[in-house]
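Just below is one structure, and these are the notes that go with it.
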Protein chains: 2
Amino acid sequence: MVQRKFRPFDLEALTHAADCLRTLAHPVRIRMVQLLLQGRYTVGEIAEDCGIAENQASEHLRLMQRCGFLSSQREGRCVYYQIAEPHLEQIVSCIEDRFLANPKS
Amino acid sequence: MVQRKFRPFDLEALTHAADCLRTLAHPVRIRMVQLLLQGRYTVGEIAEDCGIAENQASEHLRLMQRCGFLSSQREGRCVYYQIAEPHLEQIVSCIEDRFLANPKS
DNA sequence: TAAACATATCGTCAACTCGCGATATTTCAA
DNA sequence: TTGAAATATCGCGAGTTGACGATATGTTTA
């Protein structure tokens, strides 16, 4: 019976949320997160899965790392990326439920 | 023990999901959805809550209506907007959990 | 019908995004 | 130490987004 209190208009928090959402709002980046929810992968593996060039993959990954979604470690020549933001699973799950589950308009 | 089957790369579905996400990825539009989750409101009321001009509010509302998030009816001079996509509550709830609950970086 | 109100649309401009080729950096192997 | 592999960064150009003032449309009241 907890009435969700209606938040004040916190422009800064809303802007931060919007920035992070926008970071996710790209077909390739959603795909990358789906892949990385399965485990850690190198830039090359991710690029191949998404069918894009390595430099583009690197750029997308950098954006998502910058807003805290991903982290990376270098191992030898390769750099492994992985999910760093635990809420991503829930968020992507919502998106899958609505947009990627059963093809509806 | 259901291993979530790893989806094929469906560019069209991913693009649609990304388009809709991008529609939500704006501080004012997130706020509008939060407000409309409480009930239906007119353009003027929404504009005032968000602290923006009516024409801008109208534009934001149009974008969200176009991708199926909102619907509207005219009643007299006023136009009422409301949530049309049931999944929005869940999605915004995820976003609030992560970004709007307790102020963390 | 004219004026006022509520909303919608248009045009413009600055800012940002994306893809892409070129180049740089880091690491390993020969 | 030279070259190749893996990744990152840069610069450009086309396209998109957002804010905003101006104008248009639809509705009610005088």
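Reckoned from all heavy atoms, side chains included, excluding hydrogens, waters and symmetry mates. Labels below follow one simple rule: chain letters A, B, ... track the order of the sequence lines, proteins then strands, and each chain is numbered from 1.
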Please set out all donor-acceptor pairs under 3.5 angstrom arising from side-chain atoms of residues 69-80 of chain B, sequence neighbours excluded.
from	atom 1	to	atom 2	distance (Å)
Ser72(B)	OG	Gln65(B)	NE2	3.0
Gln73(B)	OE1	Arg40(B)	NH2	2.8
Gln73(B)	OE1	Gln82(B)	NE2	3.1
Arg74(B)	NH1	Gly76(B)	O	3.2
Arg74(B)	NH1	Arg77(B)	O	3.3
Glu75(B)	OE2	Arg40(B)	NH2	2.7

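- As a whole-Å value, the separation of Tyr80(B) OH from dT27(D) C1' is 14 Å.
- OP1 and OP2 of dA8(C) both lie 4.0 Å or more from every side-chain N or O belonging to His60(B).
- Rounded to a whole Å, the CZ atom of Arg31(B) is 19 Å from the P atom of dG18(D).
- In this entry the distance linking CD of Glu48(A) with C1' of dT7(D) reads 16 Å, nearest Å.
- Put simply, CD1 on Ile46(B) and CG on Leu61(B) are 4.5 Å apart, with the number rounded to the nearest 0.5 Å.
- Under the side-chain contact (heavy atoms from CB on, under 4.5 Å) criterion, Gln90(A) pairs with His87(A), Cys94(B), Asp97(B), not counting sequence neighbours.
- By the side-chain contact (heavy atoms from CB on, under 4.5 Å) test, Glu48(A) pairs with no residue at all, sequence neighbours left out.
- To the nearest 0.5 Å, atoms CD (Gln38(A)) and CG (Asp49(A)) are separated by 9.5 Å.
- Taking the side-chain contact (heavy atoms from CB on, under 4.5 Å) definition, one finds that Gln56(B) meets it with Ile52(B), Ala53(B), sequence neighbours left out.
- In this structure, Leu24(A) places its CG atom 12 Å from P of dC18(C), rounding to the nearest Å.
- Atom CD in Gln73(A) sits roughly 16 Å away from atom C1' in dA6(D) (whole-Å rounding).
- Computed from coordinates, the Arg66(A) CZ to dC16(C) P distance equals 12 Å when rounded to whole Å.
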Tabulate below the donor-acceptor pairs under 3.5 Å that side-chain atoms of residues 8-15 of chain B make, not counting sequence neighbours, or state none.
from	atom 1	to	atom 2	distance (Å)
Asp10(B)	OD1	Glu12(B)	N	3.2
Asp10(B)	OD1	Ala13(B)	N	3.1
Thr15(B)	OG1	Leu11(B)	O	2.8

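- Hydrophobic clustering places Leu36(A) together with Leu100(A) (ILVMFWY residues linked when any side-chain heavy atoms are closer than 4.5 Å, directly or through intermediates).
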Using distance only, find each side-chain donor-acceptor pair of residues 18-29 of chain B under 3.5 Å and give its atom names and separation, not counting sequence neighbours.
from	atom 1	to	atom 2	distance (Å)
Asp19(B)	OD1	Arg22(B)	NH2	2.6
Thr23(B)	OG1	Asp19(B)	O	3.0
His26(B)	ND1	Val28(B)	N	3.0
Arg29(B)	NE	Thr23(B)	O	2.5
Arg29(B)	NH1	His60(B)	ND1	3.0
Arg29(B)	NH2	Thr23(B)	O	3.4

- prompt: Can you give one letter per nucleotide of nucleotides 8-14 of chain D, going 5' to 3': B for a protein heavy atom under 4.0 Å from the base, S for sugar-phosphate only, - for none?
  reply: BB-----
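- In this structure Arg66(B) satisfies the side chain to side chain donor-acceptor pair (under 3.5 Å) test with no other residue, sequence neighbours excluded.
- Distance, Ile52(A) CD1 to dT7(D) P: 12 Å, rounded to whole Å.
- Checking the phosphate oxygens (OP1, OP2) of dT16(D), no side-chain nitrogen or oxygen of Arg22(B) falls inside 4.0 Å.
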Grab the N/O contacts between the protein and nucleotides 28-30 of chain D below 3.5 Å, and write none if there aren't any.
from	atom 1	to	atom 2	distance (Å)
dT28(D)	O4'	Arg77(B)	NE	3.3
dT28(D)	O2	Arg77(B)	NH2	3.3

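- The side chain to side chain donor-acceptor pair (under 3.5 Å) test applied to Glu59(B) returns Arg62(B), not counting sequence neighbours.
- Rounding to whole angstrom units, CG of residue Leu21(A) and C1' of dT17(D) are separated by 16 Å.
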Would you tabulate the pairs of protein nitrogen or oxygen atoms and nucleotide nitrogen or oxygen atoms of nucleotides 13-15 of chain C closer than 3.5 angstrom?
none

